[in-house]
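In what follows, chains carry the letters A, B, and so on, assigned in the order in which the sequence lines appear, proteins first and then strands, with residues in each chain numbered from 1.
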Number of protein chains: 2
Amino acid sequence: MKAWNAYAADCPTRFALDRITDKWTVLLLGLLADGPQRFNALLRQVSGLSQKVLSQTLKRLERDGLVHRKAFATVPVTVEYSITPLGAALSGSLKALIVWAESNIESVLTAQARYDAEKAATV
Amino acid sequence: MKAWNAYAADCPTRFALDRITDKWTVLLLGLLADGPQRFNALLRQVSGLSQKVLSQTLKRLERDGLVHRKAFATVPVTVEYSITPLGAALSGSLKALIVWAESNIESVLTAQARYDAEKAATV
DNA sequence: CAGCATCCTTGTCGATACTG
DNA sequence: CAGTATCGACAAGGATGCTG
């Protein structure tokens with residue numbers, strides 16, 4: 001049992017943390033946690049996400065073992081993405097981030113307005 | 001009560017999510033959740049973090065109301081950063097990400113090795 | 001001590017076009 | 001349908017030097 005430490009720059013956990021702290025990762029795992037989805041279905045649900053970045057993100061998630069990719073030999077081909085147990089263990093915490101954002105956005109916006117007003121007053 | 005939705009590109013929650021899903025934000029709020037810290041103390045504890053980025057990140061966190069900055073009129077000046085109630089409400093979920101990373105990194109590394117091996121075999 | 005200003009190298013992303 | 005390939009714009013980040 002090694003002592004992993006995300007505060008060390010060269011620790012592998014740092015790379016992992018870098019991956020899971022990604023806007024698209026959070027949103028995608030949030031969707032996949034509720035059930036398998038197809039490529040274009042994911043693309044449609046996450047507004048602002050390009051096909052290229054979705055492709056990259058899914059590939060990374062698959063490589064990290066957070067998402068499973070299953071291709072069906074239909075014509076045209078059908079691909080289904082699903083969350084793995086490893087990814088499921090993480091999705092709860094990620095969903096909490098979305099919930100926090102949606103619950104506290106008004107406080108954040110208020111804080112920003114106050115901050116900007118103070119800065120403007122100083123200058 | 002508005003219906004905020006982080007899956008919409010133009011929703012303010014999307015910007016907030018983008019901010020909190022940042023490697024440095026996660027690590028810094030994780031530290032500040034345990035008590036106030038000075039600028040250079042934070043810099044020393046987070047390996048790989050440059051002074052410039054720390055400065056930027058703290059400023060954003062302060063603007064968003066997640067962190068409080070307090071300057072003491074000493075010579076030379078002393079500055080203490082502390083977490084706000086708003087930030088504290090988030091820090092638990094962020095810490096969970098660090099815990100997940102440190103707990104599951106071996107599974108991730110294993111998955112990566114398997115993935116890379118399969119790709120190499122195909123080519 | 002706690003920053004800011006500057007240069008410069010990277011990589012990240014959007015847009016577009018094409019394929020099995 | 002589910003991608004890959006390529007280009008170009010842009011911004012984040014590291015290195016360095018300076019300051020109240």
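One can place CG of B/Leu54 at 15 Å from P of D/dA15, the figure rounded to the nearest angstrom. Per the geometry, CG belonging to A/Asp18 stands 12 Å off C1' belonging to D/dG13, to the nearest Å. Note: CG (A/Leu49) to P (C/dT12) measures 16 Å, nearest angstrom. Atom-to-atom, CH2 of A/Trp24 to P of C/dT12 comes out at 15 Å; the value is rounded to the nearest Å. A/Leu43 has its CG atom 12 Å from the C1' atom of D/dC1, to the nearest Å. Straight-line distance from the CZ atom of A/Arg19 to the P atom of C/dG11: 13 Å, rounded to whole Å. We find that CD of A/Gln37 is positioned 15 Å from C1' of D/dA2, with the value rounded to whole Å. Straight-line distance from the NZ atom of A/Lys70 to the P atom of D/dC1: 20 Å, rounded to whole Å.
Counting non-hydrogen atoms under 4.0 angstrom, B/Val53 reaches the backbone sugars and phosphates but no base.
Contact check, B/Arg38 against C/dA2: a side-chain N or O comes under 4.0 Å of OP1 or OP2. For D/dC1, the OP1/OP2 oxygens have no side-chain nitrogen or oxygen of A/Tyr81 closer than 4.0 Å. For A/Arg69, a side-chain nitrogen or oxygen approaches OP1 or OP2 of D/dG3 to under 4.0 Å. A sub-4.0 Å separation between OP1 or OP2 of C/dG14 and a side-chain N or O of A/Ser50 is present.
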Protein-nucleotides 4-8 of chain C N/O pairs closer than 3.5 Å?
residue : atom : partner : partner atom : Å
C/dC4   : OP1  : B/Lys59 : NZ           : 3.0
C/dC4   : OP2  : B/Ser55 : OG           : 2.6
C/dC4   : OP2  : B/Lys59 : NZ           : 3.4
C/dC4   : N4   : B/Gln51 : OE1          : 2.5
C/dC4   : N4   : B/Gln51 : NE2          : 3.4

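When every heavy atom of B/Glu106 is checked against every heavy atom of A/Trp4, the shortest pair comes out as OE2-NE1, 3.4 Å. Residue A/Ile105 comes nearest to B/Pro12 through the heavy atom pair CD1-O, 3.5 Å, listed as atom of the first residue, atom of the second, then distance. The two atoms that bring B/Thr13 and A/Ala101 nearest to each other are CG2-O, 3.6 Å, heavy atoms only. Across every non-hydrogen atom of A/Gly65 and A/Thr84, the tightest pair is O-OG1, 2.6 Å.
Side-chain contact between A/Tyr115 and B/Lys59 is present, with heavy atoms from C-beta onward closer than 4.5 Å.
Residue B/Asn40 is the one, among B/Asn40 and A/Pro76, whose nearest nucleotide of DNA chain C lies closer to the 5' end (criterion: closest heavy atom).
B/Phe15 and B/Leu17 fall into different hydrophobic clusters, where Ile, Leu, Val, Met, Phe, Trp and Tyr side chains are chained together by heavy-atom contacts under 4.5 Å.
Identified under the salt bridge (Lys or Arg N to Asp or Glu O under 4.0 Å) test for residues 17-36 of chain B, with sequence neighbours left out: A/Asp18-B/Lys23, A/Lys23-B/Asp18, B/Arg19-B/Asp64, B/Asp34-B/Lys95.
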